[in-house]
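A short worksheet on the structure shown next.
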Number of protein chains: 2
Amino acid sequence: MRKVVSSGQPTIKEIAKRLNISVSTVSRALHDHHSIGLRTKARVQQLAAELGYERNQTAIFFQQGKTFTIGILLPELSEAFFSSAISGIEDTAYSNNYTVLLGQSHDDEAREKQIIQSMKQHRVDGCIVSIGKNTRNYEHFEMLRQAKIPVVFFDRIPDLPNIHSVSCNLESGTVQAVDFLLKKGHRVIGMINGPEQLVASKERAAGYMRALSKHRLKYDPELIVSADLTAAGTAEAMKQLLSLKRRVTAVVTFNDYVAMDAVQYALKQKLEINKDITFVSYANTPVSSYTAYPPAASVEQFPYEQGQAATNMLLGILNGERAFNDYQRLIMESQLVLHT
Amino acid sequence: MRKVVSSGQPTIKEIAKRLNISVSTVSRALHDHHSIGLRTKARVQQLAAELGYERNQTAIFFQQGKTFTIGILLPELSEAFFSSAISGIEDTAYSNNYTVLLGQSHDDEAREKQIIQSMKQHRVDGCIVSIGKNTRNYEHFEMLRQAKIPVVFFDRIPDLPNIHSVSCNLESGTVQAVDFLLKKGHRVIGMINGPEQLVASKERAAGYMRALSKHRLKYDPELIVSADLTAAGTAEAMKQLLSLKRRVTAVVTFNDYVAMDAVQYALKQKLEINKDITFVSYANTPVSSYTAYPPAASVEQFPYEQGQAATNMLLGILNGERAFNDYQRLIMESQLVLHT
DNA sequence: GCCAATTACGCAAACGCTTGCGTGGTTAAC
DNA sequence: GTTAACCACGCAAGCGTTTGCGTAATTGGC
């Protein structure tokens, strides 16, 4: 037999040989097992320290059938929202002695499948995933289910019946945003929303309408326009809103980028920001506070906390605190933050 | 013996039993080994497909002493610079069939050590690390060296003699930035630099001076001011620059945030951006294009490409193309990008 | 028709560790 | 003095896979 790799790392066997005891005794001594005499325990632990012994996790993973690793699959690692989420995931995984295996799909379904496959082969204990925009086929997740690898979806959640998920409801935050504007005296409030088929757009619109009805104001459909989130689309939307007979004094924009584009358009129209017109947005990015005219407030979606929550949910399942098929959907509330 | 985990996953042994052949034959058949007959090969592969067989990577990792995993340790996963780098790392790792194990130090030396320890135990094949701000002690990296786990440092590089590293030289980009301004006719160019002890500040200053001397202009020390990167510090710096007897018409700022703060200060002084005063910055963030007054140009540091380069360097070592101790320092050039 | 080469497969060890069970030896209770 | 309880340790199997070597059976060249 050829020794494939001689990493030179000392093993339990080595220690056993040197001390003339069995490997099982060494193993137990290293684990502080009660059935090992204090003398031998001490001798083993000392020699282990001297040799710089370190347990071979790959052997343990293999033997135990558990890897203490969670796979995390996201569309884009570099997007601010997701990288905050990763940060939250890593932090809670770390403090529970789990490690994190990373993969990004770039919104490509094929790559998504390959990564899931790879994670399955790596025998991750569980997965946290945010699906790609174009993913229509969910069979790769079905395979995970069959392999008894629990999955927690977050933010971008597939339309499937029995799943664990964590997401953020933008409706409540939108209600707060509109409330805020109403309290400031605004009565004609526009909204630049995203593509209508998005859940995120629906939640925004719903929040808008709920806030109005709460204040017994009637809803004017003309005040919500759908845009494509490009600068040009935003300009077009602004143009529409500003052309209405009722003078729009505030606008809720789909996200911070849209807000900044909208601000630019408004400036071109010689409008004074926060005077002639006020903007409220959604905090997908941490940058708005650095711009010349940040939105007066924005709806925080707590990506870091979502990451934490998803990880905790997954760990709960892995620790057996919650049954594998006790499917749970956690919906976090978004919250308006004022930009003072 | 208790079977610790019955994942239910079919094994090579299972296939062997069903087909009444030996495990070694199955293994070889699955690997398309030439010494296996076509008939048996086909039978094995078919049954494997039927059973949904998937090789147990943990077993292979263990047996081969290799994990095809690289550990990546960064200060903050959510910072734009690092998350872009991660993206680059993951992409090239993925296309070389490696996976990525993640950890963030939060600039905490103790946590950094623990993560390195954990990665060592996980038997990662190699590491890519950007050290924390406060890390003074490098013994944890010394342990990696002893364990023969190669490390490539990037961006934040420790001051050690024999290491692999990838970093970006800001001097050349700064030269280009000042060149750009000079060609536009600016003659009095200020610089808001960062804390003087930072390498990054030194490189910026060096580039500034080199550009001037290239154009046979003499360097006025008053034109470079160090700031603390806060909004207040930036305002103070701007105030200093604008109070000089020679009229400053352009300013190179430490990064985009500083640029945006500086723009705000300039606006308050009723200066017209890109007319009375022009800004050039460094592209730590992708947001500047969304602001009302983005800097006219900025120096790109290519975090994604740095991540790619670091990964390629590491893979080169792992594949034996480069010797473990053939230490290499790759310094990438930064580059000015115009914001059209 | 003999030897060599080739084909097709099996045997078994090895990777490092955990753990159920067995077994001497000592102690204590009655 | 017998039994029971414990203490301290060793044996060996087993996790799933790879791989060097051995060995039959077949083929081909002369």
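None of the values given here were measured: they were computed from a predicted structure. Below, chain A is the first sequence line, B the second, and so on; all start at residue 1.
Between the NE2 atom of A/His34 and the P atom of D/dC6 there is a distance of 11 Å, rounded to whole Å. The separation between B/Gln63 atom CD and D/dG20 atom P is 11 Å, rounded to whole Å. Atom CD in B/Gln9 sits roughly 14 Å away from atom C1' in D/dC15 (whole-Å rounding). Separating the CG atom of A/Leu38 from the P atom of D/dA8 is a distance of 7 Å, rounded to the nearest angstrom. Rounded to whole angstrom, the span from the CD atom of B/Gln64 across to the P atom of D/dG20 amounts to 11 Å. D/dT17 atom C1' lies 12 Å from atom CD1 of B/Ile15, rounded to whole Å. Taking atom CD1 of residue B/Ile36 and atom C1' of nucleotide D/dT19, one finds them 12 Å apart after rounding to whole Å.
Listed by first then second residue, pairs satisfying salt bridge (Lys or Arg N to Asp or Glu O under 4.0 Å) with a partner in residues 28-46 of chain B read B/Asp32-B/Lys41, not counting sequence neighbours.
Remark: B/Tyr53, B/Arg55, B/Asn56, B/Ala59, B/Ile60 in residues 39-62 of chain B come within less than 4.0 Å of DNA chain D through at least one heavy atom. In the region residues 16-32 of chain A, proximity to DNA chain C at under 4.0 angstrom, judged on heavy atoms, holds for A/Ser24, A/Ser27, A/Arg28, A/His31.
By the salt bridge (charged side-chain N to carboxylate O under 4.0 Å, His left out) test, A/Glu14 pairs with A/Arg18, sequence neighbours left out. With sequence neighbours excluded, no residue forms a side-chain hydrogen bond (donor to acceptor under 3.5 Å, both in side chains) with B/Ser83. In this structure B/Tyr327 satisfies the side-chain hydrogen bond (donor to acceptor under 3.5 Å, both in side chains) test together with B/Arg145, sequence neighbours excluded. Checked against side-chain hydrogen bond (donor to acceptor under 3.5 Å, both in side chains), A/Ser118 has no partners two or more places apart in sequence or in another chain. When the side chain to side chain contact (heavy atoms under 4.5 Å, CB included) test is applied to A/Ile12, the partners found at least two apart in sequence or on another chain are A/Val23, A/Val26, A/Ser27, A/Leu30, A/Tyr53. A search for side-chain hydrogen bond (donor to acceptor under 3.5 Å, both in side chains) contacts involving A/Ser24 returns A/Ser22, not counting sequence neighbours.
Within the 4.0 angstrom heavy-atom criterion, only backbone atoms of the sugar-phosphate kind lie near A/Thr11; the bases stay farther away.
Each end of the helix from C/dC2-D/dG29 to C/dC30-D/dG1 gets its own axis, taken as the rotation carrying the C1' atoms of four end pairs onto the next four within a five-pair window, and the two axes meet at 50° to the nearest 10 degrees.
A/His164 contributes a side-chain N or O that, together with a main-chain N or O of A/Phe324, makes up a donor-acceptor pair within less than 3.5 Å.
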Expected list for residues 70-82 of chain B: side-chain donor-acceptor pairs under 3.5 angstrom, two or more places apart:
{"unit_1": "B/Glu76", "atom_1": "OE2", "unit_2": "B/His106", "atom_2": "ND1", "d": "2.6"}

What donor-acceptor contacts under 3.5 angstrom involve side-chain atoms of residues 153-163 of chain B, with partners at least two apart or in another chain?
{"unit_1": "B/Arg156", "atom_1": "NH1", "unit_2": "B/Asp107", "atom_2": "OD1", "d": "3.1"}
{"unit_1": "B/Arg156", "atom_1": "NH1", "unit_2": "B/Ile131", "atom_2": "O", "d": "3.3"}

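Screening B/Thr67, B/Leu318, B/Thr69, B/Leu314 for a side-chain contact (heavy atoms from CB on, under 4.5 Å) involving B/Tyr98 leaves a single residue, B/Leu318.
At the phosphate of C/dA14, neither OP1 nor OP2 sits under 4.0 Å from any side-chain N or O atom of A/Lys13.
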